[in-house]
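Reckoned from all heavy atoms, side chains included, excluding hydrogens, waters and symmetry mates.
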Amino acid sequence: MPIRARRTRLTTSTTWRTLLAAALAALLATLLSPGGAAHSAPRTQTAPEAAGRAKESRPVYSYADAIRESVWVDIVRPREPAKQGRKIPVIMDASPYYSCCGRGNESQKKTYDASGKPVRFPLYYDNYFVPRGYAFVAVDLAGTNRSAGCVDVGGRSDVKSAKAVVDWLNGRARAYTSRTGEKRAHANWTNGRTGMIGKSYDGTVANGVAATGVEGLETIVPIGAISSWYDYYFAKGAPLQGGPEWLSDYVESPEARARCGHVQQKLIDGAPRSGDWTPLWTERDHVPDARKVKASVFVVHGLQDLNVRTKHFGQWWDALADAGVQRKIWLSQTGHVDPYDFRRADWVRTLHRWFDHELLGYRNGIDREPMADIERAPDRWTTDRTWPPRSTHTTALRPAKGTAPGVGTLGTSRGKGTETFTDDRRLGETDWAAAIDTSTPAKAGFTTKPLTRDLRVSGSSRVTVTVTPTTPTAHLSAVLVDLGPDTVRDYAHDDEGINTLPDRSCWGSSTTGDSSCFKNTAARTADVDYTIFSRGWADLGNHASDQQGGPLTPGKQYTITLDLAASDHVVPKGHRLALIVGGTDRNLILPPADTPGLTVDLARTVARVPLVGGAKALTTAPRIPAPRESRLDGVAPPSPTDRVPGGRTS
C-alpha cells in the first residue's frame with residue numbers, strides 16, 4: 001500500500017449491484033470479454049531441457065529484441081520461443097500503482113513510446129525472467145493508468161479484471177488491441193501457466209484471484225498482502241485507519257476520478273466508521289475461500305509491518321494449511337518492505353527456483369527444502385521444516401498483581417484481584433513498554449521472571465480480557481513485549497528497516513528505456529532495550545460479536561478476546577516476556593468517543609500464546625525479593641535501564 005506505517009490509512013465499500021457493474025467495467029478496461037473455447041493450461045513442459053533433467057532456466061533469449069505489446073494489458077516476452085513453436089509461461093503483476101505512484105523502492109512507473117507500446121516495466125521481473133523464457137504481464141487495475149472503469153478497492157472489479165487476464169492467457173476470454181474492438185489479440189504464444197506476484201495491493205489481488213480457483217494460475221507470491229480488507233481498516237470494531245475512498249482517490253487516473261464519484265460514495269456508505277461488518281467486507285474477505293485455492297502460495301511478510309499487519313498473513317496461512325495448499329514463507333524483521341530490498345541475492349535466487357519449479361516444471365528440489373525462512377536479527381536467518389514448528393503448543397499465560405499498581409507478574413498460575421488504568425490517547429505501545437516497571441496510570445503491565453533459556457513464540461496469540469468501563473465507549477489494546485537489550489532492524493524509521501545506498505546492482509538485461517539496475521540497500525538497525533513483537537486491538541463494544549458493536553453500560557463487566565497478530569520471535573535467555581493491556585494505542589488505532597477508565601479482572605484475563613515446546617519451555621529464574629525499603633513502601637524497584645519512547649536506549 002502507499003500508506004506509511006503509523007499514519008492515517010484506508011477503507012472500502014460498494015454494494016453488490018455496484019460491484020457487479022464495476023467488474024464489468026473492469027473487463028472493458030482490459031478489453032477482455034468472456035468467449036472463446038475454454039481450456040486449461042497444458043501440463044506439457046515449455047522447453048526440451050525441462051523433461052526432469054534441467055535444474056535452472058538460463059538467460060538465453062534477447063531482452064533487447066523482446067516483443068513488447070499492449071492489449072490494454074502490457075506484455076513483454078521473448079521473441080525466439082514463438083519462432084521455435086514453443087509456448088511459454090507468464091509472470092503477472094496486477095497493480096493500481098503503475099501510473100499514480102510507482103512500484104518498488106524507487107517508485108518506478110510504466111513508460112510508453114509514441115505509438116503507445118510499453119517501454120519500461122517497473123521492477124526487475126521483466127529484465128530477469130524474460131531472457132529466461134518467461135513472459136511478463138503488467139495489468140492496470142480498473143480505473144488506473146490507461147484502464148477504464150472505476151477503482152473499487154479490493155472488490156469484484158479488482159479480482160475479476162485480473163482473473164480475466166488469466167482466462168485470456170488460457171483461451172477462455174477475448175482481448176483486443178484497441179478500445180474499439182476492431183482487432184482481436186490472441187495469446188497463442190503462452191501455455192497459460194501463470195504465476196502472480198506483487199507487494200501490498202498487488203499481492204492482495206493475487207490472493208483474491210487465487211481464491212476464485214481459476215484454472216491456469218499455478219502459483220502466487222503475495223508480499224505484505226491483505227487477506228481480508230476489513231482487517232486492514234478495523235480490528236474487531238476498532239478503526240485502524242481512514243476509509244477506502246481515500247485509497248480509491250489516491251490511485252485513480254484523472255479521467256476515472258472525474259466520473260467515478262458514485263463509486264466513491266458507495267465505498268463510503270458500505271464501510272461505516274462504526275466498524276460493523278457489512279456485505280462490502282464479505283466480498284473482500286478471501287480467507288473463507290482458501291479452500292478454493294489451487295495455486296501454490298509463497299508468502300512474504302515483514303514481522304514489523306504496521307501497514308498491512310501480520311494478522312493478514314497469519315489467518316491466510318492457517319486457512320491455506322487447512323485446505324492442504326502447498327506453501328512456503330519468508331518472515332523478515334522489516335516493516336512493509338519487498339524482499340528484493342532486504343535480502344536481494346537470496347531472494348532473486350529463491351524466486352527464480354520457485355518459478356522454475358512451479359511454472360516450468362523443473363525438478364530443482366525447492367519443494368523439499370525447509371518451508372520457512374525467518375530473520376532472527378538483521379541479516380541473520382534461520383529455517384524451519386514446517387511453520388509453525390510441530391512442537392508449538394498454545395499455552396495459557398495469566399497476569400497477577402505485583403507490588404505496585406499496574407506493575408504485575410505473568411505466569412501459568414491464575415491471578416486474582418484487579419488492575420485499573422485510564423485511556424490516554426496521547427500514549428501508545430512504546431510509551432507503555434518503556435515504563436513497564438513503573439506504576440503509570442495509562443496501562444497495566446505484567447512480566448515474567450528472567451528466562452533461564454530462550455523462549456520462542458511462533459504463530460498467532462489471543463488475549464481474553466474481562467474489564468469494567470466507566471464510559472459508553474472504550475477501545476482496548478494488548479501487546480507482547482520482549483524485555484531486554486537487542487539490535488534490531490529499525491522498522492519505526494521511514495525506510496522501515498532498510499537503508500537505501502547510492503550504488504546499484506543489476507539483475508537481468510537492460511535496454512535504453514528499461515534498466516535492470518537498482519539501488520542497493522543495507523539493514524538499518526537500532527539498539528533497543530525492548531522489542532514489541534505482537535499486537536492486537538478491539539472496540540469493547542464488540543464484546544458480543546466480532547461483526548457488530550454497541551454502546552456499553554458504565555460499571556458493567558464485559559469479556560472480549562483480542563486477536564494478536566501472527567509473529568515468530570525468540571525471547572532470549574535472561575530477558576523477560578511481558579503482556580501489556582492498554583486503551584488507545586497511539587498512531588495504530590483511533591480513539592473512542594470517550595476517555596474511559598478500565599478495571600481489569602485478573603482472574604478472568606488470560607493470554608493464549610503459541611510457544612515452541614509448550615508450557616515446559618517457559619522456564620524462569622526464581623524471583624529475587626525486592627529490597628526491604630521497596631517492600632515497605634509498596635513501590636517496585638526502578639528499572640535497571642532508563643528507557644525512552646521508541647525503545648531506543650537513552
Side-chain angles (χ1 to χ4, degrees), residues 235-238 393-424 429 432 436 439-449 457 459-481 534-565 576-585 589 592 594-611 614-615 618 620:
K236 196 167 286 189
H393 301 285
T394 299
T395 302
L397 301 180
R398 302 178 184 277
K401 288 186 71 68
T403 57
V407 182
T409 63
L410 185 67
T412 55
S413 300
R414 184 181 297 274
K416 59 183 179 180
T418 62
E419 287 285 4
T420 299
F421 63 89
T422 301
D423 189 349
D424 187 340
E429 57 181 33
W432 304 332
I436 188 67
S439 181
T440 57
K443 62 94 175 80
F446 310 93
T447 67
T448 67
K449 293 172 284 186
V457 180
S460 302
S461 302
R462 308 181 77 197
V463 177
T464 299
V465 186
T466 298
V467 295
T468 303
T470 60
T471 57
T473 63
H475 290 168
L476 285 171
S477 302
V479 297
L480 293 176
V481 188
S534 188
R535 310 155 173 87
W537 309 274
D539 184 330
L540 187 56
N542 283 60
H543 61 91
S545 169
D546 289 353
Q547 299 188 349
Q548 188 172 8
L552 304 168
T553 300
K556 182 179 178 179
Q557 194 174 71
Y558 298 94
T559 298
I560 192 169
T561 296
L562 286 70
D563 299 320
L564 271 62
R576 294 175 294 157
L577 173 65
L579 166 68
I580 301 176
V581 179
T584 300
D585 194 343
I589 64 171
D594 303 302
T595 303
L598 294 150
T599 299
V600 182
D601 183 343
L602 299 182
R604 299 179 62 192
T605 296
V606 58
R608 293 180 173 86
V609 181
L611 300 182
L618 182 64
T620 58

May I have the step-by-step check of side-chain contact (heavy atoms from CB on, under 4.5 Å) for Leu480 and Leu564, ending in yes or no?
-> CA-CA 9 Å; Leu480 293 176; Leu564 271 62; 3.7 Å; yes

Looking at every heavy atom in both [X] and [Y], which two are closest together, and how far apart are they?
| X | Y | result |
| --- | --- | --- |
| Val600 | Phe421 | CG2-CE2, 3.7 Å |
| Pro469 | Leu552 | CG-CD1, 4.0 Å |
| Thr605 | Val465 | OG1-CA, 3.8 Å |
| Ala607 | Val463 | CB-CG2, 3.9 Å |
| Glu429 | Val479 | OE1-CG1, 3.8 Å |
| Ile436 | Gly445 | CD1-CA, 3.8 Å |

Gap between atom [atom2] of [Y] and atom [atom1] of [X] - 0.5 Å precision:
| X | Y | atom1 | atom2 | answer |
| --- | --- | --- | --- | --- |
| Ile580 | Arg535 | CD1 | CZ | 11.0 Å |
| Leu598 | Thr422 | CG | OG1 | 8.0 Å |
| Leu476 | Asp585 | CG | CG | 11.5 Å |
| Asp601 | Glu419 | CG | CD | 11.5 Å |
| Thr409 | Leu397 | OG1 | CG | 11.0 Å |
| Arg398 | Thr464 | CZ | OG1 | 9.5 Å |

When you measure from the side chain of [X] to the backbone N and O of [Y], does any donor-acceptor pair fall under 3.5 Å?
| X | Y | value |
| --- | --- | --- |
| Ser534 | Ala565 | yes |
| Lys401 | Leu602 | no |
| Arg414 | Ala603 | yes |
| Ser461 | Val609 | no |
| Thr394 | Pro610 | no |
| Asp423 | Thr584 | yes |
| Thr473 | Asp594 | yes |
| Ser439 | Pro405 | yes |
| Tyr558 | Thr553 | yes |
| Gln557 | Thr468 | no |

Go through the side-chain N and O atoms of Thr599 and Thr420 and say whether any donor and acceptor fall under 3.5 Å apart.
->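 The criterion, which ignores hydrogens and geometry beyond distance, is satisfied for Thr420 and Thr599.
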
Kindly indicate whether the side chain of [X], heavy atoms from C-beta on, has any atom under 4.5 Å from the side chain of [Y].
| X | Y | result |
| --- | --- | --- |
| Thr447 | Leu410 | no |
| Thr395 | Leu618 | no |
| Val457 | Leu611 | yes |
| Lys236 | Thr561 | yes |

